[in-house]
Amino acid sequence: MFDLSGKTALVTGSTQGIGFAIAELLAKQGAKVFVSGAASDEKCRAAADRIEGAVAVRADLLKAEEIDALYRATGNVDILVLNASVQYKRAWNEYTEEEYDIQMNCNVKSSYRLIRTYAPGMQAKGWGRIVTVGSVNQYNQHPELSLYGVSKAAQAKMAKNFAPLLAPFGVTVNNVAPGAINTPRNSEALSDPAFLQAVESKIPCGYVGLPEDIAPAVLMLCSEEGRYITGADLVIDGGMSLK
């Protein structure tokens, strides 16, 4: 099951955290994976070197010309996982214009650009998988992540809107919404025992998740076995959203 032999996959924001875990698992199941990040060529190569057969492709998704260059580097792919995001923690009325634009452009606009760029190749082939990586913040009301939540809600709605349009071509579009996950973005805050205890007290499963808890669900959605799932919004949060 979940054999991806012969498939190609692009995972954005995959030099670390959830994106890396997804890229690594897709590769283990046979896919040729493109590892992508914005920070530097060196960081992309270092991550790709840890995954057998992976190829590093750096791209700043805030720039349309770099998305075009990314497509030229990868060509058409079978699987597109949109994991890259920007997150600023601010009170709702403290965001600068630049922070607003960067967060919305990375989390929403670049998702649209990437889907618009890669979907035609999938349509022509009659097979494709697109997965957006959202957040439970698209549902809840975190006092310091209001605009991040807005951007992730918009990204999830984009996936739901595009799903019926691409389904007749054999292309599925789904969103996964991770909860509290111990990633480099969250590691400093979660290193505080009191904060960690407060977070875990809100999770019915009793613990903060790992990137490896998200990757298997994405693998399923990207596989042939996931062919009848489209327009779904899969919450992976240990039950946090149930409280």
Side-chain angles (χ1 to χ4, degrees), residues 1-2 11 13-14 16-22 24-26 81-92 103-104 107-108 111 129-164 167 172-223 225-243:
M1 293 181 70
F2 311 126
V11 184
S14 52
Q16 61 185 22
I18 292 172
F20 180 84
I22 293 170
E24 184 178 44
L25 185 56
L26 297 184
V81 180
L82 301 177
N83 173 72
S85 69
V86 171
Q87 180 190 95
Y88 294 116
K89 286 190 174 181
R90 303 279 188 274
W92 71 271
Q103 192 162 231
M104 296 301 289
N107 301 356
V108 183
S111 294
R129 300 289 184 265
I130 299 171
V131 179
T132 57
V133 179
S135 167
V136 291
N137 289 295
Q138 67 199 52
Y139 310 109
N140 64 19
Q141 288 72 49
H142 192 294
E144 293 182 319
L145 293 173
S146 57
L147 283 186
Y148 179 73
V150 167
S151 72
K152 287 300 181 179
Q155 185 187 45
K157 182 62 174 175
M158 187 186 305
K160 193 171 288 289
N161 280 359
F162 292 173
T172 66
V173 189
N174 294 288
N175 183 72
V176 297
I181 306 296
N182 196 343
T183 65
R185 175 180 285 174
N186 301 323
S187 59
E188 182 177 353
L190 293 173
S191 66
D192 178 352
F195 179 78
L196 176 62
Q197 184 177 17
V199 172
E200 291 182 332
S201 70
K202 301 175 183 177
I203 304 173
C205 283
Y207 58 90
V208 167
L210 298 173
E212 292 75 16
D213 294 315
I214 308 302
V218 176
L219 169 63
M220 183 269 293
L221 293 173
C222 291
S223 69
E225 286 77 7
R227 67 186 182 275
Y228 206 52
I229 304 171
T230 196
D233 188 9
L234 179 57
V235 180
I236 311 171
D237 68 348
M240 177 186 282
S241 57
L242 302 174
K243 283 200 166 186

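Sequence positions, counted from 1, serve as the residue numbers for this chain. All values below come from the heavy atoms of this structure, side chains included, with hydrogens, waters and symmetry mates left out. The structure presented is a predicted model; accordingly, all values stated were derived computationally and were not measured.
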In Å and rounded to the nearest 0.5 Å, what is the CG to CD1 distance from Asp213 to Ile18?
9.5 Å
Could you check whether any side-chain heavy atom of Tyr139 comes within less than 4.5 Å of a side-chain heavy atom of Ser241, counting everything from C-beta outward?
no
Run the side-chain contact (heavy atoms from CB on, under 4.5 Å) test on Val150 and Gln103 for me, step by step, so that the C-alpha distance in whole Å, both residues' side-chain angles and the decisive distance to 0.1 Å come before the verdict.
CA-CA 10 Å; Val150 167; Gln103 192 162 231; over 6 Å; no
Here the pair of heavy atoms bringing Thr230 nearest to Ala163 is OG1-CB, 3.5 Å
Have a look at Val176 and tell me which of Asn83, Val235, Val133 forms a side-chain contact (heavy atoms from CB on, under 4.5 Å) with it.
Val133
To the nearest 0.5 Å, what is the distance between CG (Leu26) and CZ (Arg129)?
12.5 Å
What are the two closest non-hydrogen atoms of Ala21 and Glu212, and how far apart are they?
CB-N, 4.2 Å
For Asn137 and Lys152, what are the C-alpha separation, side-chain angles and deciding distance, and is it a side-chain contact (heavy atoms from CB on, under 4.5 Å)?
CA-CA 7 Å; Asn137 289 295; Lys152 287 300 181 179; 5.9 Å; no
Would you find a donor on one side and an acceptor on the other, under 3.5 Å apart, between the side chain of Asn174 and the backbone of Ile229?
yes
Is the closest side-chain donor-acceptor distance between Ser111 and Gln155 under 3.5 Å?
yes
Examine distances only and state if a side-chain atom of Asp192 and a backbone atom of Ala189 form a donor-acceptor pair shorter than 3.5 Å.
no
Do you know the tightest heavy-atom contact between Tyr207 and Glu200?
CA-OE2, 3.6 Å
Side-chain donor-acceptor pair under 3.5 Å between Asp233 and Gln138, yes or no?
yes
First locate atom CD of Glu188, then atom CZ of Phe195, and finally report the distance between them rounded to the nearest 0.5 Å.
11.0 Å
Going by distance alone, is a donor N or O of one side chain under 3.5 Å from an acceptor N or O of the other, for Asn175 and Thr132?
yes
Here the pair of heavy atoms bringing Leu145 nearest to Tyr88 is CD2-O, 3.9 Å
Once you round to the nearest 0.5 Å, how far does SG of Cys222 lie from CZ of Arg227?
15.0 Å
Output the distance between atom OG (Ser85) and atom CZ (Arg185), rounded to the nearest 0.5 Å.
3.5 Å
Looking at Ile181, is its backbone amide N or carbonyl O close enough to the side chain of Asn186 to form a donor-acceptor pair, meaning the two atoms are under 3.5 Å apart?
yes
Minimal non-hydrogen separation, Ile203 against Asp237, with atom names
CG2-O, 3.8 Å
Pairwise distance CD1(Ile214) to CG(Leu25) - rounded to 0.5 angstrom:
12.0 Å
I need the minimum non-hydrogen distance between Ser151 and Asn107, along with the two atoms involved.
OG-ND2, 2.9 Å
